[in-house]
Student: 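What follows is a single structure, and I will ask about it in a moment.
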Amino acid sequence: MTQATLEQVFREQRLPLLRLAYLMCGSRELGEDIVQTAFVSAHERWSAIDDPAAYLRRAVVNRAKDEQRRHYRRRGRSGMEGEQAREPISHLPEIDETWRSIRDLPAAQRAVVVLHYYEDLPLVEIAAVLDRPPATVRSDLRRALDHLRKALS
Amino acid sequence: MSIPTLPPPDAALEDRIRATLHAVASTVRETSETSGTAAHGTGRTSARPTAHARRGRRLALVGGAVAVTTALAAAAVVNVGPEYVDELPPDHVIVSGEADGGRYWLVEMTRRVGCAEPPLGVELVIEEGNIIGQEWNSFGLGYGDVTGGGCDHDSSAALRDPARAYSGGAFSGDTFLVMYAVHPRVTALTVTFDDRDTATLPVHRVDGAGYTVFEVPSSADSYTVRLLSGDAPVPGSEQSREVPTP
């Protein structure tokens, strides 16, 4: 695959990946880093990647999931929210409330919710992206929906 | 590999999740300059971005929009442009203030922020988020539903309804700042904090629409905004909100 193709993929995929990373980690700045790192990683093994879009999505999702876990660990230790940049408030009440509840989900559940309802991936594909058994993904989705149903009722 | 069974369907909940994720995602915007910067990052000499570059590429969201009389108008907005902060206060200041030890300015949008032309409207520049020599980091607000990837606004529906307003907020320190964009006929708005203290704020004309910004006292739990046209309240414009936590 040529360098031009890498650049083409970059131009086409960067914004969708930034959006996916933001949904996964809740921080634009961190999302930028995650996407940047994913492209650097892809570049290093570009010739071996059959499906760049799928590779990059998988890299972004899993790195964001790791970062979210680290964030929760830091918050758990310090009792603070960490160093994430403050995000402006949208002021659409239903969206604010739902987004807040989604952000509160554990990393694995949030990943499944984002991939299923934003990326429109079926559970078997989500299982492949997350490298988890489909049954586990199904359980994560069920638990996430139960949590959101209660939180938003 | 067997296909797992989906959880019991809850169409309303699923629609709400889906709509939320897409609405939130749409607030992340790319600029042409940031694309170019990051494109170099994929080259052979790429490296992790420096703190400076990382900040420069940051896609600050912008205040969301809210339609006072409509539950879900298209939201979103823009910002964080490619240009560097060269001076504070910035140019084209409409309203300025100080909150929690830091200054802030509501300014007319004159930067292109990645669009072909500067989007109509205003941006809120908060001192603590803008450092000389680094890139602007502000929150934009226009009058109308956001279109064109955040570069334009469709105000046709809003112009038919003077009660419709668009708002968004951000923190300066622990003080919540709220921006409003209102119909051209609206001349002022009143803000009541916790059903007690009321302030009347003039709106400032930018491209025909009215804009203002106010501080929510840190002691307040809620605030209620009412729009005025002259001395008369605009019917249906009252909107109460909880104050978010920083």
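In what follows, every chain begins at residue 1, and chains take the letters A, B, ... in the order their sequences are listed. Please read these numbers as outputs of a predicted model, since none were measured by experiment.
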Student: Measuring from A/R149:CZ to B/I17:CD1, what's the distance to the nearest 0.5 Å?
Tutor: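 Output value for this atom pair is 8.5 Å.
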Student: Hey, could you give me the OG1/CD1 distance between B/T20 and A/I102, rounded to the nearest 0.5 Å?
Tutor: 5.5 Å
Student: Pick out which of B/E14, B/H22, B/R18 makes a side chain to side chain donor-acceptor pair (under 3.5 Å) with A/Y117.
Tutor: B/E14
Student: With only heavy atoms counted, which part of A/V35 is less than 4.5 Å from chain B, the side chain, the backbone, both or neither?
Tutor: neither
Student: Could you walk me through whether B/L21 and A/W99 satisfy the side-chain contact (heavy atoms from CB on, under 4.5 Å) test, starting with their C-alpha distance in whole Å, then the side-chain angles of each, then the deciding distance to 0.1 Å, before giving a yes or no?
Tutor: CA-CA 7 Å; B/L21 292 172; A/W99 176 228; 4.2 Å; yes
Student: Would you please name every residue forming a ring pair (Phe, Tyr, Trp, His ring centres under 6.0 Å) with B/F193, sequence neighbours left out?
Tutor: none
Student: Kindly write out the residues that satisfy side chain to side chain contact (heavy atoms under 4.5 Å, CB included) with A/E119, not counting sequence neighbours, or none if the list is empty.
Tutor: A/L20, A/R57, A/L115, A/L121
Student: Report which part of A/D120 has an atom under 4.5 Å of a heavy atom belonging to chain B: side chain, backbone, both, or neither.
Tutor: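 For A/D120, the side chain is the part near chain B, not the backbone.
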Student: Using heavy-atom distances under 4.5 Å, tell me whether A/V137 contacts chain B through its side chain, its backbone, both, or neither.
Tutor: neither
Student: Might you point out which heavy atoms bring B/L13 and A/L145 nearest each other, and give the distance in Å?
Tutor: CD2-O, 3.7 Å
